[in-house]
Amino acid sequence: MKKIKRQRNSQDILPPTVRIIATVFLLVFALIPVIYTVLLSVTPDSEITSGENLIPSHWAFSNYIQMWTSVNLAQGLFNSLLISLTASAIAVVLAVGAGYVISRFKFFGRMPYLYSLIGLQTVPGVMLLLPLFVLFASAQAALHFKLVGTYQAVIVTYLTFALPFAIWLMVSYLSSIPIDLEEAALVDGATRLQALWSVIVPLALPGVVVALVFSFLTGWNDVLFASVLTSPETRTIAVQLQAFSSAQEGGALPLYGQLMGASIVSALPVVILYMVFQRYLIGGLTAGGVKG
Amino acid sequence: MSIQPIPETGPESPPSISGAQIPKRTSSRSAGGRPIWLMWPSAIMLFVIVGLPFLIALYISFLNLDQYTLRSWIHAPWVGLENYVESFTAGNIVGTSTLVSLGVSFGFAILTTAFITPIGILAALTVNTPFRGRGVVRALYLIPYVIPTFVTALVWRMMFLNKTGLIDRFLAGIHVANINTYWLLGPNSFWAMIITDVWASWAFIYIMVLAGLQSIPADMYDAASVDGANSWQRLTRIVLPQLRGILGLALLLSTLNHFNNFTLPFVMFGTPPPVQVDVLPLNIYVSSFQLFNFGLGGAMSVITLLIMLIPGIFYIRTIRLGEVTV
Amino acid sequence: MKASNRLIGICSCLIVLLPLVLTGCGGSSGSGSNGTGQTLHVLVGANTTFATQQKQWMQQINNEFHKETGATIAWDTNTGGSSGEQTQLQTAMVSGSGPDVFDMGTTFVPTAQATKGFVTLTADDWNKVGGKSRFFPQQMTMSGSSPSQDIAVPWNMSPYAMVYNKDLFKKAGISTPPTTWNDFVTDAKKMTDPSAGVYGAEIDPSDSFDPWKIWWTFNQQAGGGSFLSPDLKTAELNSPTAVNSAKFWFDWATTFKIADPTSMTWKSSDATSAFGNGKVGIMIMTTPTIIPTLQKSAAAGKYAFAPMPTVPYGMQQRPANGVPAATIVSGEMLAVASYSNVQDLAFKFINLVTDYQHQLDWTKTFGDLPANVQAANYLSSKDPETAAFVKAEQNATPTPFSGEWGPLEVSLASVSSKLANSVATNHYNPSQIKPLMDQANQEIQSKLHH
């Protein structure tokens, strides 16, 4: 590697030494719990609870094998992926539609709608748990089909929870895209939808990606709703893990090593997702935060 | 604190044209019509999945809904504002009233935000300009933020265990505290919760500030360099004023998010939690689902909502939704 | 063009809603009108210690059930322990839909009965599940508020006892397990060696259930009753004996120093794990359920069970009004939801899992004792350890059958957690107990009046 000679940039606010110290400090702060988790995940349980040595006497890699049977990790991962991906995809499609209309047209109910998006974001989730279940159950009884415990019920719930932020992001993003571009397309004979799809969406891609990622996380992170809306077949990884950690109530030995291993596995998909889309996130998020 | 209108350009967004400049004619019927229906699916879903349950919860907050009346909840006795009064005077049977939980929630939300702000700014400044390995550092900075909350809570519970956890080992190692310092009980638990949330969320401020930094025109820095301003002067005279808008919003959003954080204390401390970490959402959960007092839980929820609306309204005014697009 | 747009809009709405409708059809077509196509939904607690075994057991029961009735079982396991159990019951009651059969702990039955959402068992119903005589009589005391108002059928039982480390006993020169709490403290002191991290006893004040169970037992033995008056109308949480019960337990860590002073955050699993590591001499309030767990620990083969002491601390014999309360009537029961439209199948299921052979199989795999008398007798004739538990169960004392018992448990857990807070911060003083119990008493009393 060629050594790059660095000239001090006028945008460097921090003096080089401060910058290095700060970077190291922040990295240590950020990573120590992660490293500790990895360490615990390969420590035999008896050594975690006795707390004698930090470094285990032997590496208990078997934790990573046993945990797949102790807790239904594989199915949880599959369910979480399926639910979160579907929910975020639909949420983004709906948000693009709503965001487009709101950013382009004046109509009755537009401002109330925008305001209510913010209002809805402040509703505490715990408050909705029981009523939402009542609603699903009543719909189930009235329409004679199974709803509670199906993928659909959870997907619809998560996608709706993701909507306010996603719409918001899209409103701010789309309103920064020059109107001339789509007008040109309209003049060329495209329909509104064609113009939206072929002109606007590609331009708004960073925003779309951010909306997608954040919507995905809404589903991935939830413990509360999934615990009553899912059945064993549709249970998400978050609930599996929560059940695993609280199962010790029954007098079972705490399986800390496996718990930490399972935690790592369940965090991995999200970490990868973020890393892949990191570039978009910073741009997309500010646009949403700043203007939306 | 007044928040300035913010420069619209994000690094990834196209050259900006403020919505205010949308030509009037587009809002009339032009080619392609007005596909207002694009809004319907989202509006309907929000109404059904959030709006209706919210109205039901509001109704429940006026009922005496417990294990005896749960089965025919629609006919549960109407008690008016009794639940609201009870929530302030007595609280649930564990004895934590709304006021106590409000204090905990506010303290938690505000302190966490106060701590993550300088950390986030500092982090953004360290990776604002290119250096070898910047991509890696940026990615590593994000890790705590992207780890799901329930995992964060489990991990930090292990970190904070007295005697065997990493924190106590470290503090005892440097002779600051007894190896058997309790972090998951007593007043320390409040700080344990804050430290955990600071770890998990500073990257939010970092992301916002980083994006804000990149929208500061380079010539502003150059001018300052020519003037011979030192690091501190450049930070306080150029960077912070330019970031004021975005920071204000980041702080508001952050406070809102922390206020509503249920998963972290729930997984980290279990139920019933130490009173020092009995945040409102957790109190609502315990009152409703463990003590079967759904009316009381409903009343606490409505109170939470009303309180949350204050920063919410502030937020709406700040971002000037109306101005941007109409 | 406008019209076509609207069409697309409607289509997109349909696309969103279509999956819902589709599964709906799929779901309803699954259940035919005759008995063979029917599905029985059963909610049981998830067992993570024996996850694989539980899955196999479910599969096996399902096969047999299908052979017998032509119907299938859809298993639902509750998540999040007892709070998950509660949430699932609440959502089911409030919506009138959910599992057909609920598995619940004995002390939760009164709360379940308060919802009036479960089938009251008629004599005919009892016959469908093998008759009342099939079950352990003590367990039946928690079946319902009165013999004519039963809602729950005993499934398995987990009588409480204490488990001790034989090696530590030998080292301290203790020949027989203590039968009075005085002896208990003395013996525990002999075994305690803080430098080795070994303590004669343990406490787990952050557990959600152990504190109330232990205090309740102390209180019963001292003649203080069961926290509620016999007519279930008066709360008695702040009586002198009740306050003393809590004090005596915390004394183990604070005064006698026979329990690890660093254990304030412990839940029962932490105590089990310390016992498994050979760091605890006697662990009280434990059940045969932990045998398979201990077998896998370092204490394997070094432990034995004994009944908990029944003579209060500071006394040579139990006061006249004291109750031995060797164990609480404890275990799992099965109840049928009244909204269920396959109640006959539900009873057939209960009949299946409570019969002699299935009860024996259950114990072999999971460790709990059978609630089936015949099976329990067979097991105790085979194994003295089981015999001790079965004998303890014959003297078991039921907890009050009150719909407020669930909240009462939570309020005592909260008192314990607050006291643990004080100990953890070195502010503990036994005088703090009375005000906390007063407050808990007042809150429970106000709920009883409702």
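Every chain is numbered from 1 and lettered A, B, ... according to where its sequence line falls, protein lines coming before strand lines. Values reported hereafter were calculated over all heavy atoms of this structure, with side chains retained and with hydrogens, waters and symmetry mates removed. All values derive from a computational prediction rather than experimental measurement.
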Going through the distances and angles, do B:M45 and A:L159 end up as a side-chain contact (heavy atoms from CB on, under 4.5 Å)?
CA-CA 9 Å; B:M45 299 205 99; A:L159 95 85; 3.8 Å; yes
Okay, A:L205 and chain B: the region with an atom under 4.5 Å from a heavy atom over there is neither
- Task: Report yes if the side chains of B:S288 and A:V126 come closer than 4.5 Å at any heavy-atom pair, otherwise no.
- Result: no
Looking only at B:L154, B:T149, B:N128, B:I147, the option with the highest number of non-hydrogen pairs under 4.5 Å against chain A is B:L154
Next on the checklist: Please evaluate residues B:L38 and A:L196 with respect to the criterion side-chain contact (heavy atoms from CB on, under 4.5 Å), reporting the C-alpha separation (whole Å), side-chain torsions for both, the decisive distance (0.1 Å), and the verdict.
Outcome noted: CA-CA 11 Å; B:L38 279 172; A:L196 176 60; 4.1 Å; yes
So, the part of B:P281 with a heavy atom under 4.5 Å from chain A: the answer is both
Can you check whether A:L27 reaches B:Y141 side chain to side chain, under 4.5 Å on heavy atoms?
yes
CH2 (B:W156) and OG1 (A:T37) are apart, to the nearest 0.5 Å, by 9.5 Å
Cut-off 4.5 Å, heavy atoms of chain A, and the answer for B:W232 is neither
Honestly, the part of B:V50 sitting under 4.5 Å from a heavy atom of chain A is both
Taken to the nearest 0.5 Å, the spacing of A:Y36 OH from B:R169 CZ works out to 5.5 Å
> B:V151 versus A:I264: any side-chain heavy-atom pair under 4.5 Å?
Replying inline: no
Cut-off 4.5 Å, heavy atoms of chain B, and the answer for A:L128 is both
| request: Dump the intermediate steps for side-chain contact (heavy atoms from CB on, under 4.5 Å) on A:N221 and B:T263, then the final yes or no. | output: CA-CA 9 Å; A:N221 282 341; B:T263 313; over 6 Å; no
Applying a strict 4.5 Å limit to non-hydrogen atoms, the region of B:A203 in contact with chain A is neither
Rounded to the nearest 0.5 angstrom, the OG-CG distance for A:S138 and B:L52 is 10.0 Å
Bottom line for B:Y59: the part with an atom under 4.5 Å from chain A's heavy atoms is neither
Max heavy-atom pairs within cutoff under 4.5 Å with chain A, candidates B:G135, B:G165, B:A57, goes to B:A57
So, the part of A:I167 with a heavy atom under 4.5 Å from chain B: the answer is side chain
Whatever's closer than 4.5 Å to a heavy atom in chain B on A:F25 counts as neither
Most contact-rich option vs chain B, by heavy-atom pairs under 4.5 angstrom, among A:V18, A:L40, A:L120, is A:L120
Heavy atoms of A:V271 and B:V146 approach each other most closely as CG2-CG2, 3.5 Å
Of A:L217, A:V270, A:L135, the largest count of non-hydrogen pairs under 4.5 angstrom with chain B goes to A:L135
Could you walk me through whether B:F150 and A:S266 pass the side-chain contact (heavy atoms from CB on, under 4.5 Å) test, one step at a time?
-> CA-CA 10 Å; B:F150 54 89; A:S266 65; 4.0 Å; yes
*For residues B:F170 and A:I32, determine if any side-chain heavy atom of one lies less than 4.5 Å from a side-chain heavy atom of the other.*
no
With A:V123 as partner, the option from B:L305, B:V302, B:T304 fulfilling side-chain contact (heavy atoms from CB on, under 4.5 Å) is B:L305
Under 4.5 Å to a heavy atom of chain B? For A:F133 that would be neither
Between the CG atom in A:L224 and the CZ atom in B:F262, the distance rounded to the nearest 0.5 Å is 5.0 Å
Report yes or no: do B:S231 and A:R19 form a side-chain donor-acceptor pair below 3.5 Å?
no
Checking side-chain polar atoms at under 3.5 Å, does A:Y113 have a donor or acceptor matched by the opposite partner on B:S42? yes
In this structure, CG of B:L65 is separated from CG of A:L130 (nearest 0.5 Å) by 7.5 Å
Residue from A:F107, A:W220, A:F29 scoring the most non-hydrogen pairs under 4.5 Å with chain B is A:F29
Is any side-chain heavy atom of A:L132 closer than 4.5 Å to a side-chain heavy atom of B:I56?
no
So CD1 of B:I143 and CE of A:M275: to nearest 0.5 Å the spacing works out to 4.5 Å
The interface call for B:I36 against chain A, heavy-atom contacts under 4.5 Å, is both
Okay, A:V134 and chain B: the region with an atom under 4.5 Å from a heavy atom over there is side chain
query = Are the side chain of B:W199 and the backbone of A:A30 linked by a donor-acceptor contact shorter than 3.5 Å?
reply = yes
